[in-house]
Participant: 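Have a look at this one before I ask anything.
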Protein chains: 2
Amino acid sequence: MIKMNKERSLSKNQQIILDLIDKSSEPLKAYTILFNVQKKGIKAPPQVYRALDKLVEIGKIHKIESKNAFVACKNSNCEISKATAFSICESCEEVDEVSDTKLSKFLSKFNDKKGMTFKRFNLEFFGLCKRCKIK
Amino acid sequence: MIKMNKERSLSKNQQIILDLIDKSSEPLKAYTILFNVQKKGIKAPPQVYRALDKLVEIGKIHKIESKNAFVACKNSNCEISKATAFSICESCEEVDEVSDTKLSKFLSKFNDKKGMTFKRFNLEFFGLCKRCKIK
DNA sequence: AACAGTATGTAATAATATAACGTTTTAAAG
DNA sequence: CTTTAAAACGTTATATTATTACATACTGTT
Ligand SMILES: [Zn+2]
Ligand SMILES: [Zn+2]
Ligand SMILES: [Zn+2]
Ligand SMILES: [Zn+2]
């Protein structure tokens, strides 16, 4: 069985939730999402979490683990959720997806001494953004 | 109780919880810890979380963000919670602290294009460990 | 039409984490 | 030895994040 459809079409709930995350300037938490889509008929946590799981799986969004929050992938050529890196400002909480070829190459090629095979990584940098440094 | 160097001495609860994490072969979750120290008089979540927060702060343990679990630092020369990297087996869930000079140098020197100053990073690699690859 | 896979709606509950108190211990200064 | 401030403690309640379980409906393929 070969799957050919490259451009999977999203389901209704998936699209609603992706739209919300996409237009947000900051990472959104699951229950913030829930609150904001209740008027569209998504009323319960499992509906949100199921859509989030799928969107993460297909690489449309990423989870910021240290914040339990979700951002849209800004990086259309980013390998599907396999190699993610973020910069997080500890003052204003701004989150950006880092896309740096050297960085992702270095990490994708990185080999463990213990013979482990890496299929995926997630990297979170913390610090102060340009604006917050000035203050 | 031995403390001969100028290291900060831990409080009673901190020591109990560090001991438990230290002798565990796997990351421990907060409520697993709570359950296991109740016989020692630690009865409520805040007691556990307070000790965990402090232990993370002083670098004795690290939080595995993708698992909401805690491991002891195996790397006595690791910069205090500033530069952490872990390998996580997706099959057996084994977690190891990666200590690789090239990796930590590369990441500590990494500079954002947007002018952000990084003070800290956390990296989590996912894949299959040696044993799980064979199966 | 039959089937398999995916998605949905809903209720209940589990798991993770913090707020808000007041009290006690610790360590350092006077 | 007192005073004092910071850190740690104990306790109750509550907030936040995430999953289980089950019944139903939609999707595309044979
Ligand atoms: Zn991305
Ligand atoms: Zn900032
Ligand atoms: Zn360490
Ligand atoms: Zn394994």
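In what follows, every chain begins at residue 1, and chains take the letters A, B, ... in the order their sequences are listed.
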Participant: Can you tell me how far P of dA14(C) sits from CZ of F35(B), to the nearest Å?
Facilitator: 16 Å

Participant: Tell me whether the OP1 or OP2 atom of dA18(D) has a side-chain N or O from N68(B) closer than 4.0 Å.
Facilitator: no

Participant: Taking atom C1' of dT10(C) as reference, at what distance in whole Å does atom OH of Y49(A) sit?
Facilitator: 17 Å

Participant: Is C73(B) close to K60(B) at the side-chain level, that is, under 4.5 Å between some pair of heavy atoms?
Facilitator: no

Participant: Would you say K43(A) places a side-chain N or O within less than 4.0 Å of OP1 or OP2 belonging to dT10(C)?
Facilitator: yes

Participant: Between L52(B) (CG) and dA15(C) (P), how many Å, whole number?
Facilitator: 18 Å

Participant: Rounded to the nearest angstrom, tell me the gap between atom NZ in K67(B) and atom P in dT19(D).
Facilitator: 13 Å

Participant: Applying the 5.5 Å / 30° rule, does Y31(A) stack onto the base of dT16(D)?
Facilitator: no

Participant: Roughly how bent is the helix from dA1(C)-dT30(D) to dG30(C)-dC1(D) end to end, in steps of 10 degrees, with each end axis from five pairs?
Facilitator: 30°

Participant: Rounding to an integer number of Å, can you tell me how far R50(A) CZ sits from dA11(C) C1'?
Facilitator: 12 Å

Participant: Which label fits F118(B) and F110(B): parallel for a plane angle under 30°, tilted from 30 to 60°, or perpendicular past 60°?
Facilitator: parallel

Participant: What distance separates L103(A) CG from F106(B) CZ, expressed to the nearest 0.5 Å?
Facilitator: 5.5 Å

Participant: Measuring to OP1 and OP2 of dA8(D), would you say a side-chain N or O of K54(B) lies under 4.0 angstrom away?
Facilitator: yes

Participant: Return no unless some side-chain N or O of K12(B) is found under 4.0 Å from OP1 or OP2 of dC9(D).
Facilitator: no

Participant: Would you say N13(B) and V48(B) make side-chain contact, with heavy atoms under 4.5 Å?
Facilitator: no

Participant: Examine dA7(D): is either OP1 or OP2 under 4.0 Å from a nitrogen or oxygen in the side chain of S11(B)? Give yes or no.
Facilitator: no

Participant: Does the side chain of D112(A) come within less than 4.5 Å of D96(B)'s, by heavy atoms?
Facilitator: no

Participant: If we only count heavy atoms from C-beta on, is the L52(A) to I21(A) side-chain gap below 4.5 Å?
Facilitator: yes

Participant: I'd like to know whether NZ of K133(A) has more than 12 heavy-atom contacts from other residues, nucleotides or ligands below 6.0 angstrom.
Facilitator: yes

Participant: Can a side chain N or O of K63(B) be found less than 4.0 Å away from OP1 or OP2 on dA17(C)?
Facilitator: yes

Participant: Just N and O in the side chain of N13(B): are any of them under 4.0 Å from OP1 or OP2 of dA8(D)?
Facilitator: no

Participant: Starting from P on dT16(C), measure out to CG on L28(B) and report it in whole angstrom.
Facilitator: 12 Å

Participant: To the nearest angstrom, how far is L55(A) atom CG from dT6(C) atom P?
Facilitator: 15 Å

Participant: Give, for atom OG of S87(B) and atom CG of D100(B), the distance between the pair rounded to the nearest 0.5 Å.
Facilitator: 11.5 Å

Participant: Starting at the 5' end of DNA chain D, which residue's closest nucleotide do you reach first, P46(B) or F70(A)?
Facilitator: P46(B)

Participant: Counting only side-chain nitrogens and oxygens, does Q47(A) get under 4.0 Å of the OP1 or OP2 atom of dG9(C)?
Facilitator: yes

Participant: Atom CD1 of I33(A) to atom P of dT17(D): distance rounded to whole Å?
Facilitator: 11 Å

